[in-house]
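Notes follow once the structure below has been shown.
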Amino acid sequence: MPAKSVFILGIESSCDDTAAAVSKNDKILANIISNQDVHKIYGGVVPELASRAHQQNIVPVVDRALKEANISKDELDAVAFTRGPGLLGSLLVGASFAKAFALALNIPIIEVDHMRGHILSHFIREDQIDKKYPIFPFLCLIVSGGHTQIVKVNDYLSTDLLGETTDDAAGEAFDKIAKILGFAYPGGPIIDKLAQQGDPHKFIFPHPKIPNLDFSFSGLKTAFLNFIKSGEKESNSFIEINKFDICASIQNVIVEVLTHKLIKATEFTGIKEVAIAGGVAANSGLRNKLLQLKKELNWNIYIPRFEYCTDNAAMIAITAYYKFLNNEFASQDISPQARL
Ligand code: KG4
Ligand code: ZN
């Protein structure tokens, strides 16, 4: 750790949440997020509306983060932003703001890969003394609305991709299934809540047969759609009558698919340090299954706090801190990228 404390302003605007955080070394002083309700009625994120909402939110969100952290902008050592992957229009708002802010303060900018941010959220230092942090190398299952990956994490800034989805992401599967059920976006948390009152073995869905450590969720979505159509032929109220069991059963399959590949990855690498990250890591079914696997297979498991699972800027600030220590700064002519 450097002799002087490092203060970083992190900005995350890759999708539909405008977020800013202030870090002091590996601790978070403020973590502010402004969710965009505007997408709810559309059943998914509307890119054009997202970038407009980011433009409205970014200044007040950054202002609040600095106030809550109780530091002045002149104390900042760097400004970090999500370079990608994400929606280009949304990324541009965060990147442009970060560049202008850093230029005005005459401090460096740091670009952050959103996926690495999700992984490094595990290293946000907590006051809790018995809190455990992953030991390198560890495996990380990143499950979000846009990605589903298993990576081997060798060090803070070095990872190997072991497997990923060939079509829909796990969060996308939750959201599309929720849409079929008539729920608002994002549907993952709604399914999770209803699933807690249902029987996970009431309805059976096919497990995708994908080789290696890759995933596929689009077949499951189609099977689910057919299941609902045939149920509705029997009764108009099929969903309403069975909603708890339907949610519990479909969540159970998604969790089984994810953890099956995770088990394979531990066998393949011999690594028993297992972390999860990303929005779907907030899912209670996945969390409970991991706790069960920890006992059965002797894993060390790492599950982030809820606010560090879904998109946030604390994970951008912590990643930037490790890049700062490594002198990895970006130049002002850098541009965001939808795919990294
Ligand atoms: O990481 P994230 O906030 O944004 C992306 O980078 O995509 O993940 C958002 C995704 C959405 O698909 C949302 O439905 C899902 O995470 N999600 C959940 C839960 N909370 C958020 N899925 C299942 N159960 C949850 N509790
Ligand atoms: Zn994310």
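Throughout, numbering of the chain's residues begins at 1 and tracks the sequence. Just so you know, ligand 1 is whichever comes first in the structure, and atom 1 is the first atom listed for that ligand. Computation of the quantities below employed the complete heavy-atom set of this structure, encompassing side-chain atoms and omitting hydrogens, waters and symmetry-equivalent molecules.
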* Hey, is Gln251 one of the residues with a heavy atom under 4.0 angstrom from ligand 1? -> no

* To do: Give a yes/no on ligand 1: does Gly146 have at least one heavy atom closer than 4.0 angstrom to it?
  => yes

* **Protein contact of atom 24 (N) of ligand 1 - nearest heavy atom, named by residue and atom, plus distance** => Asn283 ND2, 3.0 Å

* Could you check atom 5 (C) of ligand 1 against the protein and tell me its nearest heavy-atom contact, residue, atom and distance included? => Asp311 OD2, 3.4 Å

* Judged by modelled atom types alone, do His118 and Asp311 share a side-chain donor-acceptor pair under 3.5 Å? -> yes

Option of least heavy-atom distance to [atom] (set: [options]):
| atom | options | result |
| --- | --- | --- |
| atom 13 (C) of ligand 1 | Ile33, Asp175, Ile191 | Asp175 |
| atom 26 (N) of ligand 1 | Leu286, Asp192, Asn312, Asp16 | Asp192 |
| atom 18 (C) of ligand 1 | Ser284, Gly117, Ala178, Gly279 | Gly279 |

* **His147, portion touching ligand 1 at heavy-atom distance under 4.0 Å** => neither

* So what does the His114 NE2 - the Zn ion (ligand 2) - His118 NE2 angle come to, to 10°? -> 90°

* Asked: Do Gly187 and ligand 1 have an N or O pair less than 3.5 Å apart?
  -> no

* May I ask you to check if ligand 1 and Gly188 share an N or O to N or O distance below 3.5 Å? => yes

* To do: Identify whether NZ of Lys or CZ of Arg in Arg287 sits under 6.0 Å from the centre of the six-membered ring of Phe306 and within 45° of that ring's axis.
  => yes

* To do: Measure from NZ or CZ of Arg125 to the centre of the six-membered ring of Tyr133 and say whether it is under 6.0 Å with the direction within 45° of the ring axis.
  => yes

* **Cationic N near anionic O, under 4.0 Å, Glu126 to Arg305** => yes

* Close aromatic pair by centroid cut-off 6.0 Å: Tyr156 and Phe136 -> yes

* Asked: If you draw a 6.0 Å radius around NZ in Lys73, do more than 12 non-hydrogen atoms from other residues or ligands fall strictly inside?
  -> no

* Structure fact -> A student checking ligand 1 against Gly171 at a 4.0 Å heavy-atom cut-off should list atoms 12 (O)

* Structure fact -> Rounded to the nearest 0.5 angstrom, the CZ-OG1 distance for Phe227 and Thr222 is 14.5 Å

* Tell me which N, O or S atom of Asp311 sits nearest to the Zn ion (ligand 2). => OD1

